[in-house]
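In what follows, a structure is listed as structure tokens, so that the remarks can point back to it.
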Amino acid sequence: MTKLNQIIAVEKGVKSKSLQDITAAHHKVQKPALLAGISRTYQPKDEEGEQLPPESARVQIKAEEALREMSASLTRLFDVTATKDWANCSARADVTVDGRTVVGDVPVSYLLFLEKQLTDLHTFVKKLPVLDASESWSLDPSTDLWKTDPVRTIRTKKVPRNHVKAEATDKHPAQVDVYYEDVPIGYWTTVKFSGALPARWVNELLERVEKLQHAVKFAREEANGAEVTDRRVGDAVFGYLFG
């Protein structure tokens with residue numbers, strides 16, 4: 001009994017050969033010179049007349065034969081494709097992760113769709129922003145955001161100060177250096193907020209997506225292992241067309 005994965009394996013080759021055969025047949029029938037033949041003999045008017053040899057050209061291509069060749073090639077393609085498509089309607093499998101059936105009785109076409117979507121989802125999840133690991137975060141119910149604990153810092157202001165190096169005398173002014181001193185004038189209380197996700201959450205989500213990806217691939221292989229009934233559509237189609 002033929003299996004669906006065997007039909008899928010040969011389908012590409014059958015399509016390629018069919019395309020080559022159709023192209024070759026098309027080119028053949030587009031060459032009028034190869035479709036034409038002739039046979040000519042010459043008879044002089046009397047016995048003393050010039051004798052000329054007969055002329056002939058053989059028909060090299062028959063359009064009917066080109067049709068038969070194309071029909072034979074397309075019949076194989078029609079049959080293989082029909083066998084695959086009919087089988088796809090009945091080939092199904094469960095998507096199971098860790099013993100739990102996530103989606104049951106899934107047809108092959110939908111399993112292929114799931115594979116593509118999960119690949120895109122994996123790319124999206126892998127690039128999700130994560131919280132800065134250097135900070136301590138907690139979920140704030142009032143804003144539904146992640147936030148840090150308040151951090152209090154001092155705000156300072158540079159205030160000029162005088163340093164008397166030498167007192168003034170009746171002959172010389174005082175020698176004074178000016179320097180600046182940082183003087184506390186207030187306090188900043190800072191709380192950081194973020195809409196990113198904890199790295200642990202992202203890693204767990206990635207693991208789930210990957211598990212589901214593996215389960216879908218396994219289900220597809222299982223569904224593709226189903227036995228198929230060979231379909232004979234080509235004979236019916238070309239029997240009608242050229243019969």
Side-chain angles (χ1 to χ4, degrees), residues 3-5 8-9 11-12 84-165 176-226:
K3 294 185 180 297
L4 178 55
N5 52 17
I8 293 172
E11 183 188 24
K12 186 177 180 180
K84 183 198 74 172
D85 288 348
W86 257 268
N88 278 339
C89 294
S90 57
R92 298 166 180 265
D94 295 340
V95 178
T96 305
V97 180
D98 296 333
R100 171 190 169 190
T101 300
V102 180
V103 189
D105 202 28
V106 187
V108 172
S109 57
Y110 195 77
L111 289 169
L112 290 170
F113 165 80
L114 273 180
E115 275 194 70
K116 170 66 170 62
Q117 295 302 313
L118 288 172
T119 298
D120 295 342
L121 182 59
H122 186 274
T123 300
F124 178 79
V125 171
K126 199 171 183 178
K127 294 183 178 180
L128 283 172
V130 296
L131 296 171
D132 185 354
S134 65
E135 301 280 1
S136 179
W137 300 91
S138 60
L139 191 59
D140 179 23
S142 63
T143 61
D144 198 25
L145 293 171
W146 293 91
K147 71 173 184 177
T148 62
D149 293 332
V151 176
R152 194 181 192 200
T153 54
I154 298 174
R155 181 172 181 254
T156 61
K157 181 179 180 181
K158 292 189 178 296
V159 177
R161 301 288 192 221
N162 295 328
H163 172 64
V164 180
K165 295 172 63 179
V176 180
D177 285 341
V178 178
Y179 67 94
Y180 290 87
E181 182 181 351
D182 288 330
V183 178
I185 60 170
Y187 300 93
W188 281 110
T189 300
T190 303
V191 177
K192 295 180 181 178
F193 292 89
S194 177
L197 293 171
R200 176 177 54 83
W201 288 19
V202 174
N203 291 334
E204 287 179 1
L205 183 53
L206 266 178
E207 184 180 355
R208 289 189 179 193
V209 172
E210 289 167 1
K211 279 187 176 182
L212 191 55
Q213 282 181 300
H214 294 152
V216 169
K217 288 179 181 178
F218 183 84
R220 177 171 55 81
E221 290 301 321
E222 184 180 356
N224 283 340

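- Asp85 CG to Glu11 CD: the interatomic distance, rounded to the nearest 0.5 Å, is 7.5 Å.
- Side-chain atoms of Arg155 and Pro184, non-hydrogen and from C-beta on, never get closer than 4.5 Å to each other.
- Here the side chains of Leu111 and Val95 are in contact, with some heavy-atom distance below 4.5 Å.
- Rounding to the nearest 0.5 Å places CH2 of Trp137 at 10.5 Å from CG of Asp149.
- A salt bridge links Asp182 with Lys158: the closest approach of a Lys/Arg side-chain nitrogen to an acidic carboxylate oxygen falls below 4.0 angstrom.
- The shortest heavy-atom contact between Gly225 and Asn5 is CA-ND2, 4.0 Å.
- Under the side-chain hydrogen bond (donor to acceptor under 3.5 Å, both in side chains) criterion, the residue pairs touching residues 204-215 are Asp98-Lys211, His122-Glu210, with sequence neighbours excluded.
- Rounding to the nearest 0.5 angstrom, the gap separating the CG atom in Leu114 from the OG atom in Ser109 is 10.0 Å.
- Note on residues 215-225: pairs passing side-chain hydrogen bond (donor to acceptor under 3.5 Å, both in side chains), not counting sequence neighbours, are Glu115-Arg220.
- Distance check: Leu128 CG to Leu205 CG gives 7.0 Å after rounding to the nearest 0.5 Å.
- The nearest pair of heavy atoms linking Ala93 to Ala219 is CB-O, 3.3 Å.
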**Steps toward side chain to side chain contact (heavy atoms under 4.5 Å, CB included) verdict (Leu121, Leu118)** = CA-CA 5 Å; Leu121 182 59; Leu118 288 172; 4.2 Å; yes

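- Separation of atoms CG (Asp132) and OG1 (Thr148) is listed at 10.0 Å; rounding is to 0.5 Å.
- Atom CD1 of Ile185 sits about 11.0 Å away from atom CD1 of Ile154, to the nearest 0.5 Å.
- When all heavy atoms are compared, the tightest approach of Val178 to Asn162 is CG2-OD1, 3.5 Å.
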Residues 186-203, side-chain donor-acceptor partners within the protein, below 3.5 Å, at least two apart:
from, atom 1, to, atom 2, distance (Å)
Lys192, NZ, Glu135, OE2, 2.8
Ser194, OG, Ala196, N, 3.1
Asn203, ND2, Ala199, O, 3.2

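- Annotation: side chain of Asp140 is not in contact with side chain of Trp146 (no heavy-atom distance under 4.5 Å).
- Scanning for ring-ring contact (aromatic ring centres under 6.0 Å, His included) contacts around Phe113 gives Tyr110, with sequence neighbours left out.
- In terms of the side chain to side chain contact (heavy atoms under 4.5 Å, CB included) criterion, residue partners of Arg161 (sequence neighbours excluded) are, by chain and number, Val159, Tyr179, Glu181, Val183.
- Judged by distance alone, with hydrogens and angles left aside, the side-chain atoms of Asp94 form a donor-acceptor pair with the main-chain N or O of Asp105 at under 3.5 Å.
- Under the rule for a side-chain hydrogen bond (donor to acceptor under 3.5 Å, both in side chains), the partners of Asp120 that lie at least two apart in sequence or sit in another chain are Lys116.
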